[in-house]
Asks: 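The structure under discussion is supplied below as structure tokens; questions concerning it will follow.
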Amino acid sequence: MIKAVESLVIEGSFFSASKSTVVNYKHHSLISIDQNGMIDRVINEHQEDYDQVRKRADHAGRLIELQPDEYLLPGFIDLHVHAPQWPQAGLALDRPLNEWLNHYTFPLEARYQDSQFAQHVYEQLVPELLANGTTTALYFGTIHNSANLILAKAAVKFGQRAFIGKVAMDNPEQTPSYYRDESSQAALSQTDEFIQKMESLQQQTGGHITPVITPRFVPSCTDETLNGLGQIARKYDLPIQSHCSESNWEHQYVIDRFGQHDAQVLDKFGLLTQRSVMAHGTQLDDTDIDLFKQRGSAVAHCPISNAYFGNGVLPVNKLIVNHNKIGLGSDISGGYSPSLYENSRQAVQASRMLEDGTDTTLPASKRGASNRRISMKTSFYMATVGGADSLNIMAGKIEPGYVADLQIVQDKNADFAAEPADVLDRLMYQTSPATIKKVFVGGQLVTEK
Ligand SMILES: O=c1[nH]c(=O)c2nc[nH]c2[nH]1
């Protein structure tokens, strides 16, 4: 059972993004958190009641003071995590996507019919993500509802905000007999059952958990299942997640089967809505990107994973300029790292290579694509505001009315003075779990060093 949150006041300097290229810095403020775990006030040093609010919180033992080398940031939102793949993070990344799925991933995911194995993995993964500053995760589970509920219970136990999907995959041509839903009807009825069980777990525990409609990707689902999942998403008005135009092989498979791109196919089955978050998108064309925008659907940018399986670099800046919804995903274990800090770095680096090009046998003027680079501010925006907008939650900002999902991080090079904008970059490039000192979800302390 989630404990009632005590109101809290945090005193310190903080960063919070307001736009894709603008991160605001507020020096030495009070961030007041109410008993519902929401930020109710942000008070600056010059406001009349600063001292009074501070003193009252201090007397009540409810004041947390940041050290001079510490900063408050919004918690990060990971839009794409395959929870069952944690044991293979970093394995076989030199294999092409379909081989990696068939030889490593499906055999591993099949093991989650064993609930003890599920518990062993999930009780490691959830605290690991929290220790990396990830306060919200959008998880793929497996086909097994018992294991998916163990993941939900781990999220409740450790206090993470979690969106969790029972994976649907029933296409006998693209899934192995040992790891597939028995039939389309089974995939749909077990999805429905998972939704009911998540709703009662949420009511019993008060945990921050939400079920998600989860067709694994178009290749692994029959038309009947894609259609049925679209109907369930509509019936319950739930978030939807899948993979979309993620590699040469996968993109071409969908063209061969439907004569259309993933985006149109997902849309036709009612799976591209303003609650959809689709991973990768490296092969999206301009029409697909516009369809995403029209539908209000989000892209989960997974820059580390894309370097291995994506056969291309997602043009993040193009999506940002086009006002598409976009956030960051670790894609454990297509991506080896549970850290959105590391993914933020890779997002910046990949965008630079996309802009400059990589083939130096060509003249510089013929390499790359213009206006593709992003700054670390944009990565920070995607890890916070972009992720929250993608999930339609009031998170990712340090402002009144937002949930108090926060992290306190230490600037390990604070001895070397820098302007606030540079400090943010330094934090984004240098932070590791060792310098993430405290993490809060809904105002509750969930990790402390
Ligand atoms: O990176 C990926 N990881 C997966 O598990 C997966 N399944 C389908 N497509 C996928 N891509």
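In listed order, ligands and their atoms are each counted from 1. Predicted model only: the values in this text are computed from it and were never measured.
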Asks: Rounded to the nearest 0.5 Å, what separation is found between the CG atom of Asp170 and the SG atom of Cys221?
Replies: 6.0 Å
Asks: How are the rings of His243 and His80 set relative to one another: parallel (under 30°), tilted (30 to 60°) or perpendicular (over 60°)?
Replies: perpendicular
Asks: Do we see a donor-acceptor contact under 3.5 Å between the side chains of Gln283 and Glu246?
Replies: no
Asks: Using salt bridge (charged side-chain N to carboxylate O under 4.0 Å, His left out) as the criterion, list what pairs up with Lys438, not counting sequence neighbours.
Replies: Glu448
Asks: Applying a heavy-atom distance cut-off of 4.0 Å, which protein residues contact ligand 1?
Replies: His82, Gln85, Leu97, Trp100, Leu101, Arg216, Phe217, His243, Glu246, His280, Asp331
Asks: Using a 6.0 Å cut-off, check whether atom CE of Met353 has over 12 heavy atoms from anything other than its own residue.
Replies: no
Asks: More than 12 foreign heavy atoms under 6.0 Å from NZ of Lys19: is that the case here?
Replies: no
